[in-house]
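First listed ligand is number 1; within each ligand, the first listed atom is number 1.
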Amino acid sequence: MINRIAVYPGSFDPVTFGHLDIIKRASEMVDTLIVAVLVNKAKTPLFSAEERVNMLRSVTKDIGNVRVESFSGLSVDFARRQGAEFLVRGLRAITDFEYELQMAQTNRIMAPEIDTIFLTTNLKYAYLSSTTVREVASYGGDISRFVPKEIEELVEAKYRGKR
Ligand code: ADP
């Protein structure tokens, strides 16, 4: 039997309803979906990789075929090591398109056996990004419409600590 595996890479700093929507839909398309938290040494994230992995595990615990891991380096190398056939990315707006297309084409040259699947965002979440969530929360704004309750509490606690 074939086990179709896809990797959904990203920063997820923090995970939002937009990411969760992509995770749910992608998980229905494959046997195993690996949500992969990128450890990017060049950026200082709000949440450590371990915290981001734990948050993602918690909000995806009811989806049976989702696994959450962290990785550093190239997404295609991680995908290859996991035996994945696909990378999954979400497309919100035309502004995502140019960058995503370039990435997908580069990845395809590096790993022709791995295809990128783009899922278009649910319009409800098209405006939503982790950056917006961090920005709103940093000024004490309400982020309850952007992230699950447990994530809201963790984000707010981070900024309380910073103020
Ligand atoms: P990255 O730093 O790789 O862009 P993100 O965590 O911001 O990581 O996003 C990971 C993936 O999720 C990207 O493909 C991005 O386009 C997608 N994504 C982000 N926000 C949303 C959203 N609101 N709806 C759908 N997809 C989204």
Quick check against the 3.5 Å criterion: does Arg52 have a side-chain atom that pairs as donor or acceptor with the backbone of Asp13? no
How about Phe97: does its CZ atom have over 12 heavy atoms from other parts shown lying under 6.0 Å from it? no
Quick one: nearest non-hydrogen protein atom to atom 17 (C) of ligand 1, plus distance? Tyr8 OH, 3.6 Å
Using every non-hydrogen atom in the two residues, find where Thr121 and Arg25 come nearest and quote the distance to one decimal. C-NH1, 4.2 Å
Examine Ser129 against ligand 1 and note whether any of their N/O atoms are separated by less than 3.5 Å. no
Would the number of heavy atoms belonging to other residues, nucleotides or ligands and lying under 6.0 Å from CZ of Arg57 be above 12? yes
Considering only the protein, which heavy-atom contact is closest to atom 1 (P) of ligand 1, and what is its distance? Ser11 OG, 3.7 Å
Please say whether more than 12 non-hydrogen atoms of neighbouring residues, nucleotides or ligands are located less than 6.0 Å from CD in Glu113. yes
Return the set of residues passing salt bridge (charged side-chain N to carboxylate O under 4.0 Å, His left out) with Arg67 (not counting sequence neighbours), or none when no residue passes. Glu69
Minimum distance, heavy atoms only, to atom 20 (N) of ligand 1: which one of Glu100, Met103, Arg92 is it? Arg92
From the options Val133, Thr121, Asn40, select the one whose nearest heavy atom is closest to atom 24 (N) of ligand 1. Thr121
Stepwise side chain to side chain contact (heavy atoms under 4.5 Å, CB included) check, Glu85 with Asp115: CA-CA 6 Å; Glu85 286 174 79; Asp115 250 314; over 6 Å; no
Identify the protein heavy atom lying closest to atom 6 (O) of ligand 1, giving its residue, its atom name and the separation to 0.1 Å. Phe12 N, 2.8 Å
Would you say ligand 1 has an N or O under 3.5 Å from any N or O of Pro9? no
How close does the nearest protein non-hydrogen atom get to atom 4 (O) of ligand 1, and which residue and atom is it? Arg89 NH2, 3.6 Å
Please determine whether the number of non-hydrogen atoms from other residues, nucleotides or ligands lying under 6.0 Å from atom CD of Glu50 exceeds 12. no
among protein heavy atoms, the one nearest atom 18 (N) of ligand 1 is His19 CD2, 3.8 Å
Using a strict cut-off of 4.0 Å, indicate which atoms of ligand 1 neighbour a heavy atom of Leu128. 20 (N), 21 (C), 22 (C), 23 (N)
Can you report which non-hydrogen protein atom sits closest to atom 14 (O) of ligand 1, along with the distance? Gly90 N, 2.9 Å
Which residue and non-hydrogen atom of the protein lie closest to atom 26 (N) of ligand 1, and at what distance in Å? Ile22 CG1, 3.6 Å
